[in-house]
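Beneath this line is the structure, given in structure tokens, with notes to follow.
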Amino acid sequence: MTQELHIVGGGMAGSEAAWQAAHMGVDVVIHEMRPKVETFAHQTGNLAEMVCSNSFRSDDDEQNAVGLLHWEMRAANGLIMTTAGEHRLPAGGALAVDRDPFAESVTAKLKALPNVRVSYEEVTDLPTEGHWIFATGPLTSPALGEAIQRETGAERLAFFDAIAPIVYAESIDMSQAWMQSRYDKGETEEERTAYLNCPMTKDQYEAFIDALLAADKTEFHEGETAGYFDGCLPIEVMAERGRETLRHGPMKPVGLTNPHKPDEKAWAVVQLRRDNALGTLFNIVGFQTKMKYGAQTDVFRMIPGLENAKFARLGGIHRNTFLNSPTLLDHEMRLKSKPNIRFAGQVTGVEGYVESAAMGLLAGRLAAAEILGKDLPQVPQDSAMGALIHHITGGAEAKTFQPMNVNFGLFRPVEGLKGGRRGRKDRYKAYTDRAKVAWQEWLTNF
């Protein structure tokens, strides 16, 4: 019992933690409540199921902090990044995947390891013995959430996350829409035409905003408050912040030319990204929503090219649970009051698939090292991994702690480089160069 590593939750973080610990020679048990206990957002019982988007965001490891995190995970034999590469879809400079084969492959790889087993049951309490990682994600079950609340003595923190709809490709009118990545970004023709674009005139945009604001929305239960994470705002919330907000956000028209009307500049553009390898499904980029189902079909069919759209999945909204990690976790992600328990993934207050998997990678390695009696130096703060774990375990202000994506604002400055937009390219390259050296040096300890 004491030498096994138990991981609760088989999402991105739990899957990566299991892979890393198993490859260090530790016996691992993954406890996953699905499909026996379902959630609002999941569709299958597969490990690492992608619920919201099918994108791991930018793959640029020189000028983007997310891309740097991709690089660091690959350097550490990361399961999630390796499998993502095997199921990659065209997405310009982003790393998007065919979500179902991706999850099926992650599940198969983990089950094929002789020292990993999966137990399908719900864990509802925090054990006092053994080595445990809780990577239950934003949809932590109510019973476990209550157990965490009892242990920490703190009110559970939560925000609301929204899911974007998915459209059947055959129902999109290509006489109005066209394929193009913004600024034709990408090394191949497939990458340069990775997004499907639906243009709007000013009048169409204004009518769309009116309908969006007037549509029936999901109501919250008594006592709930809508504390959204800014990186995943419902489009209605963005529209409420100003009529031009969407046009300068997910509907910005820059870097695109409509081949049907090359001399006419669109006022706004709705982009859709391929959601599977067959190209039969497209998700509407940035269109997370809390509109009721009937309202969604009415409003989204106002978009030129989607007048007859058929939806494989409509949008939705769900509650996300996360810890106030700066007060509750130590520098190795252990619960201060129960150091036999680590937390990983979104429940620690990181946001996004990549960040969740990255924290799983660290938790798995740190837990395995502890079981094997190995002393490890702290994760280097100058790496992307280190910048993120430092933020959630002490660098952030506890009173205002909110879920955080990895970004260069979390990195320590590089001396001698000028600030501002003009020096940004050199500054980001310096960050990534420094991070790669620090991360590779840390990996030599294994």
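Because the structure is predicted, anything quoted here is derived from the model rather than measured.
- With 3.5 Å as the limit, one finds a donor-acceptor pair spanning the side chains of Ser53 and Arg273.
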Chi angles and distances behind the side-chain contact (heavy atoms from CB on, under 4.5 Å) call for Thr152, Ile148: CA-CA 6 Å; Thr152 60; Ile148 294 171; 4.1 Å; yes
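- Looking only at atom types and distance, the side chain of Glu122 has a donor-acceptor partner in the side chain of Ser141 under 3.5 Å away.
- Closest heavy-atom contact between Phe134 and Val347: O-CG1, 4.0 Å.
- By the 4.5 Å heavy-atom criterion applied to side chains, Val270 and Phe208 are not counted as neighbours.
- Residues Val123 and Leu144 approach most closely at O-CB, 3.8 Å, considering heavy atoms.
- Aromatic ring pairs are classed by plane angle as parallel below 30°, tilted from 30° to 60° and perpendicular above 60°; the pair Trp442 and Trp439 is parallel.
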Working for salt bridge (Lys or Arg N to Asp or Glu O under 4.0 Å), residues Glu49 and Arg99: CA-CA 7 Å; Glu49 179 182 339; Arg99 68 173 79 209; over 6 Å; no
Derivation of the salt bridge (Lys or Arg N to Asp or Glu O under 4.0 Å) call for Glu236 and Lys290: CA-CA 8 Å; Glu236 314 83 34; Lys290 62 171 183 170; 5.6 Å; no
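- Evaluation of the salt bridge (charged side-chain N to carboxylate O under 4.0 Å, His left out) test over residues 66-87, restricted to residues two or more places apart or in two chains, returns Asp59-Arg74, Glu86-Lys109.
- Nearest heavy atoms, Ile235 versus Leu212: CD1-CD1, 3.5 Å.
- Nearest approach of Glu355 to Asn405, heavy atoms of both residues: OE2-ND2, 3.3 Å.
- Listed by first and then second residue, the salt bridge (charged side-chain N to carboxylate O under 4.0 Å, His left out) pairs that reach into residues 403-415 are Asp382-Arg412, sequence neighbours excluded.
- Phe311 and Tyr168 have their aromatic ring centers separated by at least 6.0 angstrom.
- Surrounding CD of Glu441 are at most 12 heavy atoms belonging to other residues, nucleotides or ligands under 6.0 Å away.
- Looking at heavy atoms from C-beta onward, Pro165 lies out of side-chain contact with Arg313 at the 4.5 angstrom threshold.
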Test log, rule ring pair (Phe, Tyr, Trp, His ring centres under 6.0 Å), inputs Phe102 and Phe56: CA-CA 12 Å; Phe102 165 81; Phe56 289 102; 5.7 Å; yes
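- Defined by atom type and a distance below 3.5 Å, a donor-acceptor pair is missing between the side-chain atoms of Asp98 and Asn54.
- Considering every non-hydrogen atom in both Thr257 and Trp178, the closest pair reads O-NE1, 3.2 Å.
- Judged purely by distance below 3.5 Å, without hydrogens or angles, the side chains of Arg424 and Gln63 never pair a donor atom with an acceptor atom.
- Cation-pi geometry between Arg34 and Tyr120 is not met: the NZ or CZ atom fails to fall both under 6.0 Å from the ring centre and inside 45° of the normal.
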Check against salt bridge (Lys or Arg N to Asp or Glu O under 4.0 Å), Lys436 and Asp61: CA-CA 10 Å; Lys436 291 173 182 177; Asp61 61 64; 2.6 Å; yes
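- Annotation for Gly92 and Glu191: closest pair O-OE1, 2.6 Å, computed over non-hydrogen atoms.
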From CA spacing to verdict: side-chain contact (heavy atoms from CB on, under 4.5 Å), Asp173, Leu306: CA-CA 6 Å; Asp173 181 3; Leu306 301 187; over 6 Å; no
